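Notes follow the structure.
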Amino acid sequence: MFLEFKEEVEQVLKEALKKASYEYKELELEESEHADISSRVAFSLARAYKKPPEIIAADIVNHLNLEIPAENTLISDAVAAGPYINVYVNDFFLHKTLQKIKEGIEPAAEKKKGKIIIEHTSANPDGPLHIGHLRNAIIGDVLVRVLKRAGYDVETHYYVNDMGRQIAVAVCGTERIAFAANKKADHAVADVYIAANRLIEENSDFLKDVEKLMREYEAGDEAVMRKYEVVVKKCLSGIQASLQRLNIQHDLFVWESEFVRGGAVEEVMEELKQKGNIKFDGSALLLQLEGIEKELVIQRTDGTSLYTTRDLAYHRWKSDRCDRVIDVFGKDHELVSQQLSKALEILRVKVPEFVIFEFVSLPTGSLSTRAGRYIAADELMEKIEERAYEEVDKRRGDLDEGKKLEIAKKVGIGALRYDMVKVSPDKHITFDFDDALDIEKKGAPFIQYSHARACSILMAAEERGYVIADDYDASLLREESEKELIKKLSKLGYVISSSELKPHLVAKYARELAESFNLFYKDCPVLNADAGLRKARLALVDCAKTVLSDVLDVLGVESPEEM
RNA sequence: GGGGUCGUAGGGUAGUGGAUAUCCUGUCAGGUUCCGGACCUGAUAACCUGGGUUCGAAUCCCGGCGACUCCGCCA
C-alpha cells in the first residue's frame with residue numbers, strides 16, 4: 001500500500017510544482033524518520049531559482065491541493081520543514097492497508113513483467129556443497145523469490161560443468177575405487193575424487209588416462225558418456241537432496257556438454273572468428289576483447305573447447321528464451337564475467353546481469369574441495385538443526401518429539417538462510433561455526449517468534465470465542481505502536497520492488513517488521529481490550545501474521561505457528 | 001607488476017549527495033498484577049587517512065595506507 005501512497009504524493013507534488021511554475025528533474029522522494037515520505041526537491045530548485053530552499057519548500061506546500069479528493073486520498077498533511085517537504089499518511093491509508101492485506105496478495109499474473117532466467121549454485125558435480133556454494137544458493141534463491149513476487153516469470157537454472165578436468169578425474173577414479181555404499185551420493189563421489197587426486201600425485205600415468213577420457217567425452221564416445229552420466233547424476237542427486245533440505249529448487253539442470261555435442265559451441269567459435277579480433281597463437285585461438293588486457297583463449301591447440309566458450313554458447317541459448325538473464329557468481333568469476341559480457345557483445349547477445357558475491361572463508365583459511373578442506377553444507381545443516389533442537393527442547397518441553405523436531409528444522413534452516421542473506425553480497429564473510437549456531441541473535445528465529453506470538457494470540461482469541469471479522473473500526477487504532485506497525489506492514493510491496501538484486505534489504509525489512517510487531521505486542525493488550533478495540537486489534541494481529549509469514553516466505557524461511 | 005572489491009563503535013553490519021548515522025553483539029543499568037521473556041527500555045561507543053568537487057560528503061573524484069581477491073590452452 002505504501003507504493004500507492006508514494007504514487008499519490010508524486011501526483012500531488014507534480015501538480016503543485018506545475019502551479020508554482022517550477023521546472024524540476026526529480027521529486028527526490030525518500031523515506032524519512034521525520035515523515036512518512038519526504039521530498040528534497042527544494043534543494044535542487046534552490047540553485048536554479050536562486051532562492052533559499054526553505055522559501056521554495058514553503059512555496060510548493062502553499063500550492064498543494066490536498067482538500068479536493070478528501071474521499072480517496074491517502075495523505076493527511078504535507079508541511080514544509082525547513083527545506084524538506086514532509087508528507088504524512090491519513091487514517092484512510094491505515095484502514096486501506098489492513099483491508100488490502102486481508103484481501104491477499106494480488107495475483108502476479110496481472111503484472112507480468114517478462115521472463116527472467118536466473119542461474120545460481122552450479123557447483124561442480126565432484127562433491128557435496130560447501131558453505132561457499134551455500135551462500136550462492138541462498139542468495140540466488142532469495143533473488144528468485146523476490147523477482148517472482150515482483151511479477152516476473154522466473155526460470156531457475158543449475159549449470160552443470162560436466163566437462164571439466166575435475167569430473168574426468170572423478171570418473172576415471174571410479175574405475176579403480178569403489179563408491180562407499182553407505183554414504184550420501186555426493187559425499188561418496190567426493191571420496192573417489194579426492195582419492196583419485198592422490199593417485200595422480202603418485203603416478204603421472206593416471207593423468208594421461210584422464211586426458212584421454214576427456215577427449216573421448218568431448219567426441220561423444222557412447223561408452224564414456226554412460227560412465228560420466230553415472231558419476232554426474234549420482235553427485236547431482238546428493239546435491240539436490242541438500243538443496244531441497246534448504247528449501248531450494250531448480251527448474252532446469254543444463255549440462256554444458258550439450259552445447260558441444262549440439263554444435264552450438266562450434267557455431268560460436270565460427271562467429272567469433274568472423275566478427276571478433278582474433279589472434280592465432282600456434283593453432284590456439286585468442287580473442288582480443290576491448291578494455292581487457294588479457295586475451296581470451298577460445299580454442300585449445302588440440303581443437304577442443306574451453307569452459308568460457310561453452311559458457312558463451314549457453315548464454316546465447318538462454319538469452320533467446322527470456323527478457324533478462326541473471327547470473328549469481330562468486331567473486332572469483334568476476335574477470336570471467338567481464339570477458340563473457342564483452343564476447344557476448346561481439347555476438348550481439350543480450351548481456352547478463354551479474355550478482356557477484358564475496359567469498360566465505362574459514363577462520364583457518366580458504367576452502368578447497370580437492371584438499372578436503374571445506375565445511376559440507378550437510379554437516380552444517382545437521383549441526384544447526386541439532387542446536388535448534390536443544391533450544392526448542394529447553395523452552396518447549398511440553399511438546400511431543402515429532403513436533404519439536406519439526407520446529408527445530410524450521411528454526412535451524414531458517415537461521416542458516418537468514419544468516420547467509422542478511423549481509424550485502426559484496427561483503428566478505430569469515431564463517432564461524434559457533435556464531436552461526438548462535439540462534440539467539442536477531443535473525444530468522446526472532447522473526448519466526450513474532451509470527452508464533454501472533455498465531456498464539458489468534459488461537460487464544462478463538463478459544464475464547466472472539467471472532468476475527470471484517471467489521472472492525474480501524475480508527476480505534478490510535479496508539480503510536482499500532483500506527484507504526486501498520487505503516488511497516490504497508491511496505492512489503494515497496495521493499496520487494498526496490499530491492500530486486502539486493503536480497504539483504506528484504507532481510508532487513510523482515511527484522512524491522514518483527515521489531516514493530518514486538519513493540520505493538522508490548523504496548524497493546526489485545527484479548528483484554530474492550531470489545532471494539534479488541535476486534536480492531538485482532539484484525540491487526542491477523543494482518544501482521546499474514547505479512548510476517550509472507551516476508552519469511554520471500555526469504556525462503558518457514559513460519560512455524562508455535563515454537 | 002596490472003585489475004577489482006572492501007575499509008563505519010571492542011567485534012560484526014545497514015546506509016551511494018541532505019534532517020539527530022541503522023541494527024546485532026559486547027559492557028553497564030533496568031522492565032512481566034496483562035495475550036509466550038527466543039520479548040522490551042535506557043546508557044556506552046564509530047564513518048581508515050590526506051586533498052578535491054559541492055550550499056551540503058560516510059556517500060562522488062584523486063592520492064596514500066590496510067584487508068581480501070583475480071590475472072592458466074583449469075573450471
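Quick caveat: nothing in here was measured; it's all calculated off a predicted structure. Chain naming here is simple, since letters A, B, ... match the order of the sequence lines and numbering starts at 1 in each.
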So does A:Arg387 pair up with A:Glu390, basic N to acidic O under 4.0 Å? yes
Regarding the side chain of A:Asn86, the nearest nucleotide among B:rC24, B:rA38, B:rA19 is B:rA19
Residue met sooner reading RNA chain B from 5', once A:His34 and A:Gln338 are mapped to nucleotides: A:Gln338
Anything under 3.5 Å between a donor and an acceptor, one on a side chain of residues 404-411 of chain A, the other on a protein residue two or more places apart or in another chain? List them.
unit_1	atom_1	unit_2	atom_2	d
A:Lys404	NZ	A:Asp393	OD1	2.8
A:Glu406	OE2	A:Lys410	NZ	3.3

Can you check the distance between B:rG15 and B:rU8, where both ends of the measurement are the P atom (answer in whole Å)? 14 Å
Work out how far the P atom of B:rA45 is from that of B:rU22, and round it to whole angstrom. 14 Å
Scan every strand shown for a Watson-Crick or G-U wobble partner of B:rG2, both distances under 3.5 Å, and answer none if you come up empty. B:rC70
Can you tell me, in whole Å, how much space there is between the C1' of B:rA21 and that of B:rG2? 37 Å
Checking base pairs now: Watson-Crick or wobble, both atom distances under 3.5 Å. What partners B:rG63? B:rU49
Stacking of A:His504 on B:rA14 base (centres under 5.5 Å, planes under 30°): no
Side chain of A:Lys508 only, please: which of B:rG4, B:rA14, B:rC35 is the nearest? B:rA14
With respect to the phosphate group of B:rA38, does any side-chain polar atom (N or O) of A:Arg395 fall under 4.0 Å of OP1 or OP2? yes
Nucleotide nearest A:Lys427 (side chain, heavy atoms from C-beta), chosen from B:rG36, B:rG7, B:rC39: B:rG7
B:rG4 and B:rC55: how far apart are their C1' atoms, nearest whole angstrom? 35 Å
Could one point to a donor on the side chain of A:Ser424 or the base of B:rA14 with an acceptor on the other under 3.5 Å away? no
Under 3.5 Å for both donor-acceptor distances, Watson-Crick or wobble: does B:rA21 have a partner, and if so which one? none
For each nucleotide in nucleotides 70-75 of chain B, reading 5' to 3', give B when a protein heavy atom comes within less than 4.0 Å of its base, S when such contact involves only the sugar-phosphate, and - otherwise. SSSBSB
Look at the side chain of A:Leu519 and decide which nucleotide, out of B:rU54, B:rA14, B:rC40, has an atom nearest to it. B:rC40
